[in-house]
Amino acid sequence: MVTKVLMVCLGNICRSPLAEGLLQSKVDPQKVWVDSAGTAGYHVGNRPDERSVAVAQKYGLDIGYQRSRKLNAKDLETFDIIYAMDKSNYSDIVALAKNEAEIKKVGLLLEETELGVKEVPDPYYGGEDGFEQVYRFIDQACEAIAQRLQNDQ
Ligand code: 4NP
């Protein structure tokens, strides 16, 4: 069975495209399907933010092919695990849930790590440094998730 994982942030152009690309790069595509979406529709159809594309490129990861899309209620049926980048994303995702089972699918991405930080900071209004830190946080979480999924399968 394929496990379907959805990464969610606000705009689906900065953080969740990195999370999609990073997790995808660490799992067997036959066993794990990864996608991303935003709770807001501001950037639907757009490429990821150039700063996310650049930091990914620096580490040898191409995310430039991705396009932003808006999260919808059907996503909570389709996906098995849904990761929110921050608490505000978490509330917006859970607001679309139709039952307890759907709520249980949703978690904070950084709770998969020992970082002691719960939220991936929104780097949109910051500089390049923010993207580097965001990349490192997301990379650690995706490493932990990939290992856990491998052990579960
Ligand atoms: P993201 O970052 O949620 O990580 O994609 C943002 C992207 C766009 C906006 C805010 C955050 N915005 O306000 O347009």
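As the structure is a prediction and not an experimental result, all values here were calculated from the model. By convention here, the first residue in the shown sequence is residue 1. Note that ligands are numbered from 1 as they come in the structure, with each ligand's atoms numbered from 1 the same way.
For K58, the side chain to side chain donor-acceptor pair (under 3.5 Å) partners at least two apart in sequence or on another chain are E132.
Protein residues are said to neighbour a ligand when one of their heavy atoms lies under 4.0 Å from it; for ligand 1 these are C9, L10, G11, N12, I13, C14, R15, Y42, H43, D122, Y124, Y125.
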Quiz prompt | Step-by-step salt bridge (Lys or Arg N to Asp or Glu O under 4.0 Å) determination, D49 to R15 | solution = CA-CA 9 Å; D49 187 287; R15 293 166 291 176; over 6 Å; no
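Comment: D80 does not engage K104 in a salt bridge, judged by the lack of any side-chain N to carboxylate O separation of less than 4.0 angstrom. At a threshold of 4.0 Å, the pair E77-K74 counts as salt-bridged, since one of the basic side-chain nitrogens sits closer than that to a carboxylate oxygen.
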For residues 41-48, which side-chain donor-acceptor pairs fall under 3.5 Å, sequence neighbours excluded?
residue	atom	partner	partner atom	Å
R47	NH1	G64	O	3.2
R47	NH2	E50	OE2	3.0

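Residue F79 is found in a hydrophobic cluster whose other members, listed by chain and number, are V2, L6, V8, W33, L71, L76, I82, Y90, I93, V94, L96, I103, V106, L108; membership requires side-chain heavy atoms under 4.5 Å apart, directly or through intermediates.
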